[in-house]
Amino acid sequence: MSDRFERLGWKNKTFDTLNALFLLALMLTMLIPFINVLALSFSSGVASMQPDIVLWPKAFSAEGYSIVWKSLDIWRPLMNSVIVTVIGTALHVMLSSLAGYVFIYPRLPGRKIMLTFVLITMMVPQEAIMIPLYVVNKDLHLINTLTALVLSGLVSGFSILLMRSFFLNVPYEMAESAKIDGAGEFRIFLTMYMRLAAAGLATVVLFEFVGRWNMFTAPVMFINDTMKYTLQVALKAMIIDTNSNSGTYMITTNVRMAGIIISIIPLMAVYPFVQKYFMKGILLGASKE
Amino acid sequence: MKKVLLTMSTIAVAGTMILTGCGSETKGNDAANTPTNTQSNNAAANTSTGSSSNETANAPAGDMKLRILDANVGGKTPEENTQFEAEIKRLTGIEATLEKPASDYDQKVLTALSSGEKYDLIELSDLGTLATFVDQGVLTDLTDFVTKSSVLSDPTVIPTKEWDQLKDKDGKIVAVFSKFQGGTMPIVRKDWLDKLNLKEPKTLDDYYNVLKAFKEKDPDGNGKNDTYGLSTSDLYDIQGFMSSAGLKYRYVMKDGKRTIPYATEAAVPMYEWFAKLVKEGIMDPNFVTNDTGKMRNLFLTDRVGMVTYWDAWVGMFNNMRTQEDPNTKFQAEALNGIAGADGKVLLRRGDPDFWIIPANAEHPDAAKKFLEFWHTEPGITLGSLGIEKVDYSKSGDTYMLTDMGKEHNSDHGVPFWYNENVKAPFGKLPGVQAAQDIVKQNATLELSLPGWEDAEKIVKNYALKAMSGQMDAAEAVKKMHDELMSKNLIDE
Amino acid sequence: MKVLKRYGALYVMMAPVIAYFLVFAYYPLVKGLQTSFQNYRLMGDRPYVGFTNYSDVLHDSTFWDAMVNTLVIGGGILLFSFAAPLVIALSLNEVLRTWYKKIAQMILYVPHLLSWVVVGGIWIFLLSPDSGLVNMVLVHVFHRTPFNFLADASWARWIMILLATWKEMGYTCILFLAGIVSINPSLYEAARMDGATRWQQLIRVTLPQLGNTMKVVFLLNTLGILRIFDEVFVLRNPTIATKVDVLMMYTFQKGILDIKLGPASAASFFVLLLTLALTLVVRRVTRFDEV
């Protein structure tokens, strides 16, 4: 690494230790509940319902997983979720970056109006427009299609603002000089900005991926066909709705926890991959020094 | 830098591949769907001409269509749901589509109705919603249909008095039952009673002694002081105990005035009784935050000796523990509520589950035909056991459940039914009959008037504070009553 | 003409986004606005009733209770979920060992991967007076009597604020980290030339350079505070409802439970207007447009 941390006196060492401990304490508040869930998911039905602090499976059993697997026929909802999440995220990032890029031009006529136009969409409570939104989807013949789910939240003011703030960190003069060399906007956008804001791009991809994967209201509202359910919808009935009065089958805690684990595995799988970009960004910065 | 670019382009390529791959898949689906769509459109056209000539529900069903939105009826998996539709077709000739949202059912119904989506049958389970739907012009008047139907007007199929539940304020029948709805009562661990040489409790003091013994005398014999006498899920459901002071939950009309008995002086000693249970550690301290699922779990795992829950669950509790261990001593038993000074017991009957035909239904005749079918033997068998060859097989008069059928517990929306002429092929689970007898004898519906949602928040807030000892019971009742009065939610 | 030539491509880039928002945000919004002026029955005619729905809402004391709860809880969340992630991001940035940094960052992010339903369920369990971990520690380590955190009205709002912060801090932290990563390294170099310590580098370089990101994060958080819903929906219970029922909970209750779509819609538009006002204030104060 650089000489940034060369002067490692005792003060620095104490600070580093305290700092590490502080982070460790925070991590524990996240880890313990998670381990708890994981341990319960691998416990047997009866054992999982005993009131204890479980940090290791009690009466180890994978029956929770097999019940989720069997009763949900999980491949189809999983595939639906993957399709909607991957395509939706790709399009979302593309469109949001485009708009984010537009907003870095301070003298663009109409910029302020367009920015307000975008900001207002962020203030609309979804509940207020749920019914009209359903009607729009119905009129476009999108009810019961995965397209409706891809289109739901296809662009968001949130991502636009984020991308804009990342693009702002790219030195403006670079674009100017490229323009003088005769490069078009699209080329500058693709070859310079998208590349240089990779860490930002990774951030938006991650956020959007998680958001889409956990998307719930849209599939509940727009999808009636059980064949087109996404994973979250299929799982929710199992994980949460324990209050039903005519419900006749028993969802023990291990089944619920297995459902939770299954629903977050894909996210856990994607995350380190995206995280690499942050790290690469950091290393890139370091190697320039 | 190069590496970054490389990875980026890989993602891009992978992305495009998935995009195109999916694109063709979607196309495939569309192609597969097209013929069916045309077919069903034709069918729809046929039916509409049919209904314009005023066909009755007895019309030939060869080309009838039906679109159903429901919460409970149908298959447990997407596959089974498709088979369920096929079975309806086989049994009635109606081409039904069954839409069974996995969750957020109420929101779904509202969105669908208000955006002009057209369903022929919708299942509901809340009488307050039914009243609102009447006000908002959603319902079809079914009085003529029901009174003229040879099936539905037969008192052995549905007792005549029961229809009162489904009438609007002008006495018109606006819905048809989908199943027989039970009620709730205290359920006790009979094996614990026996072990501690206790009798079934009758009075409030009896109950106190039994619950105290459950807490203190280690009924599960594990040597640890880890049991509770009683658990509830907030005020759900203390009716069986409040009965001893003659208090009925929700609204009670008294000389034309709206009252809430839980907010009267008479309730003070009852809240104090609960506060004593909480203070002495006899009551599960989580009762404020419990959902019913948690309450059930405590009962099933030997942590609590008494809960208040549905009649059907007496059997389910017993069945679950027996499945787990055939030699279990576990025995759940239904108890009657505590009789009040006038000797009357007040228990809660659940709001019925019922079907409505929305005013904009495109195929009301098919819907009516389905409603009649639903109360005949084949309909009941479908709603309970399930689908022939999938959930059960039948040779002669004997039914055999398949593995899937066993898993589904003979419940595809209709665990119990009204029709006395149809007998359950496998009988009832242990303990259920006794529980249902108690319900039939003592359970009555609760009255929710407009504004109950607001009133309930106030009642629960103070009642739970009094019960958990955070507030003096008399003070809580006074505040509760004053707040209800000031918001014009009660008349006295 | 000149403008078009210079900026034409930018407008083309913006066009699909504008089209999308028109169809999927503004059109439904106008429709929703229409609903708020109607006696919106589920079926049949829906007569216009002027401002009746709005005045009904304004005269409902429950609405004002919800308003107070929203401002208190939302304000708390705004403050804490801005400060906490910032501290963590700075702390992470000072960690020297890459593996530790990586792991910490990853783990802190986990709660955000879970929905509120799951997170709420876990915390209800952890805070339970009967066997929850928190109370176990209180009883065995500090010899206190168990405390029913979730059923005590005086704790309710704090719990909402702290849990929201806990869940989202790893997520906001990433925004700050991404901001830190893109700070020009030559700035640090220059600071070191001047003999700046780590602390001074933090104060003189990192914090000022994070200004843009901070503004964005603050603005984004502001937009969210009036729309808190899932958390309250999952964690509320009748004893704390009066302290934690927020505005969106009010609209949910009006619309979905009471089936009064007109007033529910009117209430949502109050939320919208309020958010608009708040955002304008924040934009003015942070001088967001000059970013």
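So that the names make sense, note that chain A is the first sequence line, chain B the second, and so on, each numbered from 1.
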> Hey, which of A:L267, A:I160, A:V135 has the most heavy atom pairs under 4.5 Å with chain C?
Replying inline: A:L267
> Nearest 0.5 Å, what's the CG-CE distance between C:L113 and A:M30?
Replying inline: 11.5 Å
>> Taking side chain as everything from C-beta outward and backbone as N, CA, C, O, which of these in A:F15 sits under 4.5 Å from a heavy atom of chain C? Side chain, backbone, both or neither.
In response: side chain
Mind listing the side-chain donor-acceptor pairs of residues 19-29 of chain A below 3.5 Å, one per line with the distance, residues two or more places apart or on another chain?
from, atom 1, to, atom 2, distance (Å)
A:N19, OD1, C:S91, OG, 2.5
A:N19, ND2, C:S91, O, 2.9
A:T29, OG1, A:L26, O, 2.6
A:T29, OG1, C:W166, NE1, 3.0

>> Ignoring hydrogens, what is the shortest heavy-atom contact between C:M14 and A:M114? Give both atom names and the distance.
In response: CG-SD, 3.5 Å
> Looking at A:F166, A:W213, A:F207, which makes the most heavy-atom pairs under 4.5 Å with chain C?
Replying inline: A:F207
> Do A:L119 and C:R283 have side-chain heavy atoms sitting under 4.5 Å apart?
Replying inline: yes
>> Please classify the contact of A:F117 with chain C as side chain, backbone, both or neither, using a heavy-atom distance under 4.5 Å.
In response: both
>> Report which part of A:T17 has an atom under 4.5 Å of a heavy atom belonging to chain C: side chain, backbone, both, or neither.
In response: neither
>> Less than 4.5 Å to any heavy atom of chain A: does that hold for the side chain of C:I18, its backbone, both, or neither?
In response: both
> What is the distance from atom CG of C:L261 to atom CD1 of A:I131, rounded to the nearest 0.5 Å?
Replying inline: 4.5 Å
>> For C:V217, which atoms come within 4.5 Å of any heavy atom of chain A: side chain, backbone, both, or neither?
In response: neither
> If you look at every heavy atom in A:G157 and C:F21, which pair is closest and at what distance?
Replying inline: N-CZ, 4.0 Å
> Roughly how far, to the nearest 0.5 Å, is OG of A:S97 from CE of C:M13?
Replying inline: 9.5 Å
>> Holding to side chain to side chain donor-acceptor pair (under 3.5 Å), I want the full list of residues that pass it with C:Y26, two or more places apart in sequence or in another chain.
In response: none
> Which heavy-atom pair separates C:G32 from A:P132 by the least distance, and what is that distance?
Replying inline: N-CG, 3.9 Å
> Are more than 12 heavy atoms from other residues, nucleotides or ligands located less than 6.0 Å from atom OH of C:Y27?
Replying inline: no
> In terms of heavy-atom proximity below 4.5 Å to chain A, should C:Y100 be classed as side chain, backbone, both, or neither?
Replying inline: side chain
>> Rounded to the nearest 0.5 Å, what separates atom CG in C:L272 from atom CD1 in A:I120?
In response: 8.0 Å
> Atom CG in A:D16, atom CZ in C:R198: separation rounded to 0.5 Å?
Replying inline: 4.0 Å
>> Is it the case that over 12 heavy atoms from other parts of the model lie below 6.0 angstrom from the NZ atom of A:K138?
In response: yes
>> Take a 6.0 Å sphere around OH of C:Y20 and say whether it holds more than 12 heavy atoms from other residues, nucleotides or ligands.
In response: yes
> A:L95, A:L133, A:V155, A:N214: which one forms the most heavy-atom pairs within less than 4.5 Å of chain C?
Replying inline: A:V155
>> Tell me if the CD1 atom of A:I265 is crowded by more than 12 foreign heavy atoms within 6.0 Å.
In response: yes
> If you count heavy-atom pairs under 4.5 Å with chain A, which of C:I256, C:L220, C:V110 comes out on top?
Replying inline: C:L220
>> Before you tell me yes or no, could you show the steps for A:N137 and C:F24 under side-chain contact (heavy atoms from CB on, under 4.5 Å), namely the whole-Å CA-CA distance, both residues' side-chain angles and the distance that decides it to 0.1 Å?
In response: CA-CA 9 Å; A:N137 277 287; C:F24 286 91; 4.1 Å; yes
>> Counting heavy-atom pairs closer than 4.5 Å to chain C, which one of A:L98, A:L154, A:T116 comes out on top?
In response: A:L154
> With chain C, which of A:V102, A:V210, A:L162, A:I264 has the greatest number of heavy-atom pairs at distances under 4.5 Å?
Replying inline: A:V102
> Measuring from A:M268:CE to C:M106:CE, what's the distance to the nearest 0.5 Å?
Replying inline: 5.0 Å
>> Please classify the contact of A:L151 with chain C as side chain, backbone, both or neither, using a heavy-atom distance under 4.5 Å.
In response: both
> For C:L10, is it the side chain, the backbone, both or neither that has a heavy atom under 4.5 Å from a heavy atom of chain A?
Replying inline: both
> Heavy-atom distance under 4.5 Å to chain A: side chain of C:Y109, backbone, both or neither?
Replying inline: side chain
